[in-house]
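Okay, so here's the structure we're looking at.
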Amino acid sequence: NSPIIAAASSVKFALQEIAEAFYHDTGNRIRISYSSSGNLTRQIQQGAPFELLLSANAGYTEQLYQQNKTLGQSITYALGRLVLITEKNTSLTLDKQLSAIKILTETGNLKRFAIANPLHAPYGVAAQEVLQQLGLWESIKPHLVVGENVAQAAQFASSGAAQVGLVSYSIALAPALQNRTRTLLIPASLHRPLQQTMVLLHNAGETSKLFFIYLQQHKARAILARYGYSVPEE
Amino acid sequence: MDWQALGLSVKLSLVTLFFLLPIGIFFGRWLAYRQFLGKSILQTLLALPLVLPPTVLGYYLLVIFSPNQGLGLWLNKTFGTTFVFNFEGLVIASIIFNLPFAIQPMQRAFSSIPRDIREAAACCGMSPAHVLWKIELPLAWPGIISAMVMCFAHTLGEFGIVLIVGGNIPAETQTIAISIYDRMQAFDNQSASIMSLSLLLFSMLTISFTYWLSERSQKKHV
Amino acid sequence: MDWQALGLSVKLSLVTLFFLLPIGIFFGRWLAYRQFLGKSILQTLLALPLVLPPTVLGYYLLVIFSPNQGLGLWLNKTFGTTFVFNFEGLVIASIIFNLPFAIQPMQRAFSSIPRDIREAAACCGMSPAHVLWKIELPLAWPGIISAMVMCFAHTLGEFGIVLIVGGNIPAETQTIAISIYDRMQAFDNQSASIMSLSLLLFSMLTISFTYWLSERSQKKHV
Amino acid sequence: MSDKPNPDLAIHISLQQQRPIPLDVQLDCQPSELLALVGPSGSGKTTILRAIAGLYQPENGRIICQNEVWQNSVQQFFLPAHRRHVGLVFQNYALFPHMTVLNNIQQALSEIPKQHRHSHALDLLKKVHLEGLDHRYPKTLSGGQQQRVAVARALARNPKVLLLDEPFSAVDQVTRRKLYRELLALRKKLAMPMIIVTHDLEESTLLADRIALLHKGQILQIGTPKSVSAHPVTATVARLMDQQNIFTAQVLDHDLTAKKTRIHWLDRILEASFQPQFKINEKVCWTIQSANVLLHRRDRPSNGDKENPLHGKVIEYMESSGLVNMLVQIDKELNTTIAISVPLHVSKRNGLGLNEIIGISLLSEGIHLMPYQALRR
Amino acid sequence: MSDKPNPDLAIHISLQQQRPIPLDVQLDCQPSELLALVGPSGSGKTTILRAIAGLYQPENGRIICQNEVWQNSVQQFFLPAHRRHVGLVFQNYALFPHMTVLNNIQQALSEIPKQHRHSHALDLLKKVHLEGLDHRYPKTLSGGQQQRVAVARALARNPKVLLLDEPFSAVDQVTRRKLYRELLALRKKLAMPMIIVTHDLEESTLLADRIALLHKGQILQIGTPKSVSAHPVTATVARLMDQQNIFTAQVLDHDLTAKKTRIHWLDRILEASFQPQFKINEKVCWTIQSANVLLHRRDRPSNGDKENPLHGKVIEYMESSGLVNMLVQIDKELNTTIAISVPLHVSKRNGLGLNEIIGISLLSEGIHLMPYQALRR
Ligand SMILES: Nc1ncnc2c1ncn2[C@@H]1O[C@H](COP(=O)(O)OP(=O)(O)OP(=O)(O)O)[C@@H](O)[C@H]1O
Ligand SMILES: Nc1ncnc2c1ncn2[C@@H]1O[C@H](COP(=O)(O)OP(=O)(O)OP(=O)(O)O)[C@@H](O)[C@H]1O
Ligand SMILES: [Mg+2]
Ligand SMILES: [Mg+2]
């Protein structure tokens, strides 16, 4: 009976492949329950049988640690990156300073700008920071459409319902999106690091512990990097 | 308490009911009184909006109404408006996901009216519209009311579709359900609970008043 | 296609129906035939599960049934099992969020049975149970069927509550709705669409067959 | 009830209530007795049957059937309908719409062995002359056919009391006559009380041992059909029994030797049957059945013609199935008329018709006196 | 129809169909005429009314009312019910349960000005003797009260044709008599055809100008009530008209001078009214209304006694509202009986009773011959 680990939906792309590799290398299967990091945290607090939590936000793992639900401290296994995303055939030029978007707001041509919910989604928080850094927050705020999570924000932007959006790099790399969108990586300096943390929960078994370690090893890090994460120094 | 969101939700519910009432009556009545080939298929189609997860249904609506292509493009050209990220879009989405709750109970309500009573009405010289208004609607009323109550509650509570089609824009598409959900996700349990409770209380008052009114009007003759 | 998830969903739907049928019949009948103080309040309570966003309702259920405290603790001690993060939990959640869909239409169905027919049955010496079985159920059948169909569809499609209470555990609590939702979130649109389509087709077949059966049995005497 | 078990197979009913439906009734009905409840529309007949069946619970009531208490409101006891063993034909039939005719009847046969039910139900269908309709659904039956299914279903129960609420109202006369015969045969066979509600006075006379005349929830008179129609206790009863000849008069004297009572009516003196309970000079009402009014035959005068002879003009003349019903105007100013019916052939021989002046005699034995009350027509 | 508008206010009905309900009917009804549809239960009476009202569409039908085509199946034309202007009383009333009595009636008053509706509806309620019940809901009314509301509602429409499906079946005899009077008054006032379905032969004789006897969807005979009951065209008609005295015989000869036809019946010879259309030696059925059977009075023998005298034993003796109905056994082996009814006082004077041997005479004028058919009793 393979252990269940909980993972934020946003790491699904990479994690799927890592789990395959893990199975290939160790012969152990894991089952993964995806949800928002917040949901998962709550479920863990209410006794969910998860053995490992991969959160998109350092706050949740910390919270669980404080509440003595974990085996030890959390570890940052990757850092998320933001990209500016737009539908393929828009004429919008994408640049790191978002000047084209600035012009749109000034000319009143910006209709909808998609981000994840800055209230609770880590990529939403980061997106807000980026916009604030660039001094665009106030002018874009009225045009925001806010996704439940970063995937939803990407859906907004990729379907053309919103002109442009700030989403995670890992999502932008999804094959279905790559064909339909153009993206531009946002400098990591424009927001606080998007720490993807993980923590072993107190009922973690051997397999989970193995996987916890596996995630910190080279093979997993390579996969993570391929899926648009910066990987912290070993 | 997010009064704005509550207001929006109530407005959305009422506008939805405003459209659903005639739609439900029309189709409910039609399904109740007509026999035709493929009736069970049609009835089935009506239940289907329930089968898909709301978010998924919402995504398909988003794609369909998105102004870049197909229907959305045409709508945009024709009416100069899109049906995503605005109140109109929410209304359309609400209507679609409430169809089963509106039509099914009304169909049952209409089909439980004895045939000879409708016949007697025709023999009194009432036109079909008149019969509908004076005989069928009053007799189907309990069923219609409970259909409307379900739609009302369901619209207040639905957030999956609304979130996707509406884009969670404060004062425009951020309903109370989304607002509660957001607080909850942000671990603002207290706000979420207060808002949930207020919403429950408000619905409770509205709905039980509705039921009480409808019971009272029934009591005399049932 | 995620057959495992589909299987789980169908199983969940059927088990839910299995419990909801008697519950719906009991309460529907009770509400239909009894007059009592606070009846409208009770009917209102039945609609309330709809008012809260499913995820939020899911949280509250999670808290209530969580084995750490209160009811959940007691249940855990008494039955040796928890009702969260497993199939049993899903069933309970399903039952709760389907209550309005089960009870309301059944209430209408029972109350549209003419009183003198039930009286005639009593005068034939049938005990109340016998009357229920031989007279009321067959006559209320169309309403019961459509209630069951709604519950079936709704259980297939609900994912908010299921996600929270069940924990999205593959092969255990990951229903087809969640599975579709996950694919959608992962921009695996093709899988999501194929799965949605299959789910729709499957539901369509099941439901229209059900309707067809029920129509056919009605045709003779209506 | 006594200590010894007493083989009382009768049903005893006593119901009292003010509102919403006024009721004040005491009735009993012996096994094999057929009691007819008659009375104007809205007088409470259906309500009484429903109370007996346990479908309606009057405020105060005591119902005992075959020594079994069905209701005793003093002890707050009320036996539910399905445990009462009644056979009830509803005024509006109340057939089970989702069952065939045969199935409808079989529902009430739960107390006989399964394998006999089918043939028993078919027997009953035959009794109500509905052979061949066994597999039909109620909605495909005519009104009268439905009603007969309802009768068969009520009989099927093999009840302790049979309650029939206008069971033949929708059935044609020929079939009805056949059903009467079946009912009377049944009654001899089964020792149970039967209560029938009917509007048809002829029906009640033909079928019933006793009739109870109901008015506004009260029983005005109980007795054999003959006695109630010939000797109504009040003018109201006479009117409700469809008696057309009701008048007021004053008692003149009692002739003890001739056993006659003489009364003063209009400006005439009439000889009535001997009814000394009325005082001399007392104002009374009197009535005579139209069959007790004799036509003076122009072709062959008879002795009887001398009895209370009167003359008048025929102001209404109606033929109906071999009989002629006439209204004879005795006093033009007061518009006093007497109804009389004669066979058509007699009418023809005597050349009767509208506006003819004819002589009639009131048979003194047929003149029945009742306490005075103001008459409204 | 002709080119000139022809002020034909009658209704013409012609319906044919094999399945599911067999129908083959041609009828018309003149304005102010009251046509009674009679016939056994299930013969199609309700179906015909429904077809006229537009609630049932028979396969082939042509209905023209007051020169307006309502149905013409050749042209595929079918006017929907609400445009037909019919007043219909349903066999089961079909009142609107959510409306008061007054409101029920007002629904059919849409064609008169709003301010008059209230008083008009109250008037109608009075006509059906339901004053004071105007604010009641149907479920609080007794069967007969509901039926009368239905009648008032049908009248309210001021229809082009009035269709009454057993409109008085649940109403007591006294009220019914009053309603007859109202109906007859109405009929004089309003020039519309009226078709009434009834099981009550007395009702049809009292009310109807003509009766149409229906059997299995076919009209067997149409005519005045008198002619149909006195001169049924076949023995089936006689039987359906509740005629009890139906026998078979053989024509002996026709006496042209005495205008009599003689027939051979059992071992007797009877004189009948002159009916030369029947051939000598032809086998026939014959019938006599029981009112045309005369009792030989022991107290005063009369000339009439010589007409077709017979003797027999009384084997059934039933009193009912001043009349006595007897079955007299003429032939014991064949169990041939003749029904006769006499006034109670006559019976008493002659000391009649069960098992008495009595003499009777069959009035030759009352003996009516019909084509031969095997009789089933
Ligand atoms: N719920 C009620 N509230 C008030 N009055 C009622 C109610 N139900 C019945 N009644 C009245 O009670 C009286 C008795 O009704 P019931 O049905 O017993 O009459 P009935 O003798 O059977 O008449 P019918 O011969 O017309 O069937 C009627 O006058 C009716 O109007
Ligand atoms: N849907 C149907 N299918 C087959 N037969 C039917 C259907 N509906 C009615 N019938 C039959 O048609 C015949 C005529 O019915 P209808 O109601 O016209 O009779 P009716 O003359 O009004 O009888 P009653 O006097 O008993 O009311 C009946 O024998 C009935 O059984
Ligand atoms: Mg009654
Ligand atoms: Mg009929």
Side-chain angles (χ1 to χ4, degrees), chain B residues 35 39-41 43-45 47-57 59-60 100-101 104-105 107-109 111-112 114 142-143 146-147 149-150 152-154 156-160 177-178 180-181 184-185 192-193 196 199-200 202-212 214-215 219 222, chain C residues 35 39-41 43-45 47-57 59-60 100-101 104-105 107-109 111-112 114 142-143 146-147 149-150 152-154 156-160 177-178 180-181 184-185 192-193 196 199-200 202-212 214-215 219 222:
Chain B
Q35 293 302 329
K39 180 168 164 181
S40 0
I41 308 264
Q43 283 183 274
T44 306
L45 286 179
L48 287 191
L50 283 178
V51 169
L52 288 184
T55 323
V56 174
L57 184 60
Y59 177 71
Y60 288 122
F101 299 119
Q104 289 261 25
Q107 178 188 349
R108 293 288 145 227
S111 65
S112 71
S146 75
V149 163
M150 299 288 268
F152 179 77
H154 193 220
L156 284 183
E158 179 53 50
F159 86 115
I178 297 180
I180 296 177
Y181 173 78
M184 198 86 178
Q185 290 290 23
S193 298
S196 299
L199 180 60
L200 285 177
F202 165 77
S203 323
M204 185 129 173
L205 287 180
T206 326
I207 297 176
S208 57
F209 182 67
T210 311
Y211 275 132
W212 178 76
S214 123
E215 288 283 322
K219 209 169 271 171
V222 175
Chain C
Q35 294 301 329
K39 180 166 163 180
S40 359
I41 309 263
Q43 283 184 274
T44 306
L45 286 178
L48 287 190
L50 282 178
V51 168
L52 288 184
T55 322
V56 174
L57 183 60
Y59 273 130
Y60 289 124
F101 300 118
Q104 289 262 21
Q107 178 188 350
R108 293 288 145 226
S111 65
S112 71
S146 74
V149 163
M150 300 288 269
F152 180 77
H154 193 220
L156 284 183
E158 179 53 50
F159 86 113
I178 299 180
I180 295 178
Y181 173 77
M184 199 95 196
Q185 292 286 17
S193 299
S196 299
L199 179 59
L200 285 178
F202 166 77
S203 324
M204 184 130 172
L205 286 179
T206 326
I207 298 175
S208 58
F209 181 68
T210 311
Y211 274 133
W212 177 77
S214 125
E215 288 282 323
K219 209 169 270 171
V222 175

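In the text below, chain A, chain B and the rest are named by the order of the sequence lines, each starting its count at 1. Predicted, not measured: the structure shown is a model, and the values here were computed from it.
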Legend entry - From OG (B/S40) to CE (C/M204), nearest 0.5 Å: 10.0 Å
Legend entry - Gap between atom CG of C/L50 and atom CG of B/L156 - 0.5 Å precision: 9.5 Å
Legend entry - Pairs of heavy atoms under 4.5 Å with chain C: top-ranked of B/V51, B/L200, B/I207: B/V51
Legend entry - Between B/S112, B/S146, B/A47, B/P49, the one whose heavy-atom pairs under 4.5 Å with chain C are most numerous: B/S146
Under 4.5 Å heavy-atom distance to chain C, tell me which part of [X] shows up: side chain, backbone, both or neither.
X	result
B/S193	both
B/Q104	side chain
B/P100	both

Inset, instruction - Answer with side chain, backbone, both or neither: which region of C/L57 has an atom nearer than 4.5 Å to a non-hydrogen atom of chain B? - result: neither
Legend entry - Interface moiety of C/Q35 toward chain B, non-hydrogen atoms closer than 4.5 Å: side chain
Legend entry - From B/T44, B/L48, B/L52, residue fulfilling side-chain contact (heavy atoms from CB on, under 4.5 Å) relative to C/S203: B/L48
Legend entry - Top contributor to chain B interface from C/P114, C/P54, C/P142 [non-hydrogen pairs under 4.5 Å]: C/P142
Inset, instruction - Take the angle between the ring planes of C/H154 and B/F101 and call it parallel below 30°, perpendicular above 60°, tilted in between. - result: perpendicular
Legend entry - B/Q43 and C/S208, any side-chain heavy atoms less than 4.5 Å apart: no
Legend entry - Contacts of type ring-ring contact (aromatic ring centres under 6.0 Å, His included), residue C/F152, not counting sequence neighbours: none
Legend entry - Partners meeting ring-ring contact (aromatic ring centres under 6.0 Å, His included) with B/Y59 (sequence neighbours left out): none
